[in-house]
Amino acid sequence: MLRNVRIDNVVFMVADLARTERFYAGVVGLTVERQADDDGGPSMLIARIPGNLDLIFFEGEVKPGNSPILVFTLAEGGIDSVVDELVAAGSTIVTPVSHAPGGWSADFADPDGYVLSVYQEARLAR
């Protein structure tokens, strides 16, 4: 199902982007950049970690279980087929395939309710 993937992002929902930026840049010492969604949607923070891992922060409701989310990037696309396979294998889809910054994503739950995500760049065939 999730063949030829890598974990590229860990996504966090945070109450205050400015406070998060001050903490991760000033206290933790990471380089943090603020970006707007490709379609002019809400801004996000990105902290790039060596080894091609990004911590991504969106402002929103913070509650147990909605964050952090591990994001598996699909190197070859096919997000619709991957989601269909997850459903056929008994996984619960939390968020169906939908637009995400620079592509498409879908969220699903593991047996303990942890949310995982698959992501595909827009340039790849769905």
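Throughout, residue positions are numbered sequentially from 1 according to the sequence presented. Given the structure is predicted, the values throughout are model-derived calculations rather than measurements.
Residues M44 and P101 meet the side-chain proximity criterion, which asks for heavy atoms closer than 4.5 Å. For the pair R48 and E33, the minimum side-chain heavy-atom distance is below 4.5 Å.
Formation of a donor-acceptor pair under 3.5 Å by the Y119 side chain with backbone atoms of A100 is not found in this model. Q120 places a side-chain N or O within 3.5 Å of a backbone atom of A125 that can act as its donor or acceptor partner. E21 places no side-chain N or O within 3.5 Å of a backbone atom of A25 that could act as its donor or acceptor partner.
Minimum heavy-atom separation, V94 to V115: CG2-CG2, 4.4 Å. Residue V83 comes nearest to A106 through the heavy atom pair CG2-CB, 3.6 Å, listed as atom of the first residue, atom of the second, then distance.
In this structure F72 satisfies the ring pair (Phe, Tyr, Trp, His ring centres under 6.0 Å) test with no other residue, sequence neighbours excluded.
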I'd like a table of donor-acceptor pairs (distance under 3.5 Å, sequence neighbours excluded) in which one partner is a side-chain atom from residues 7-19, with atom names and distances.
{"residue": "D8", "atom": "OD1", "partner": "R6", "partner atom": "NE", "Å": "2.8"}
{"residue": "D8", "atom": "OD2", "partner": "R6", "partner atom": "NE", "Å": "3.0"}
{"residue": "D8", "atom": "OD2", "partner": "R6", "partner atom": "NH2", "Å": "3.1"}
{"residue": "D8", "atom": "OD2", "partner": "T73", "partner atom": "OG1", "Å": "2.8"}
{"residue": "D16", "atom": "OD1", "partner": "A18", "partner atom": "N", "Å": "2.9"}
{"residue": "D16", "atom": "OD1", "partner": "R19", "partner atom": "N", "Å": "3.0"}

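Atoms CG and CG, from D107 and L86 in turn, are 11.0 Å apart once rounded to the nearest 0.5 Å. Note that the CZ atom of F108 and the OG atom of S91 stand 5.5 Å from one another [nearest 0.5 Å]. Interatomic distance, D54 CG to L45 CG, rounded to the nearest 0.5 Å: 12.0 Å. The structure places OG1 of T31 at 9.0 Å from CD1 of I49, a figure rounded to the nearest 0.5 Å. With values rounded to the nearest 0.5 angstrom, L30 atom CG is found 6.5 Å from L55 atom CG. In this structure, the separation between CD1 on I69 and CD1 on I56 is 10.5 Å, given to the nearest 0.5 Å.
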Apply side-chain contact (heavy atoms from CB on, under 4.5 Å) to the pair F57 and V32, showing each step before the final yes or no.
CA-CA 10 Å; F57 305 91; V32 178; 5.7 Å; no
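Note on V97 and I93: same hydrophobic cluster, where clusters join Ile, Leu, Val, Met, Phe, Trp and Tyr whose side-chain heavy atoms are under 4.5 Å apart, directly or indirectly. Residue F58 is not grouped with residue V62 when hydrophobic side chains (ILVMFWY) are merged at heavy-atom distances under 4.5 angstrom, including chains of intermediate members.
Among pairs with a residue in residues 115-126, those fulfilling salt bridge (charged side-chain N to carboxylate O under 4.0 Å, His left out) read D80-R126, E121-R123, at least two apart in sequence or across chains.
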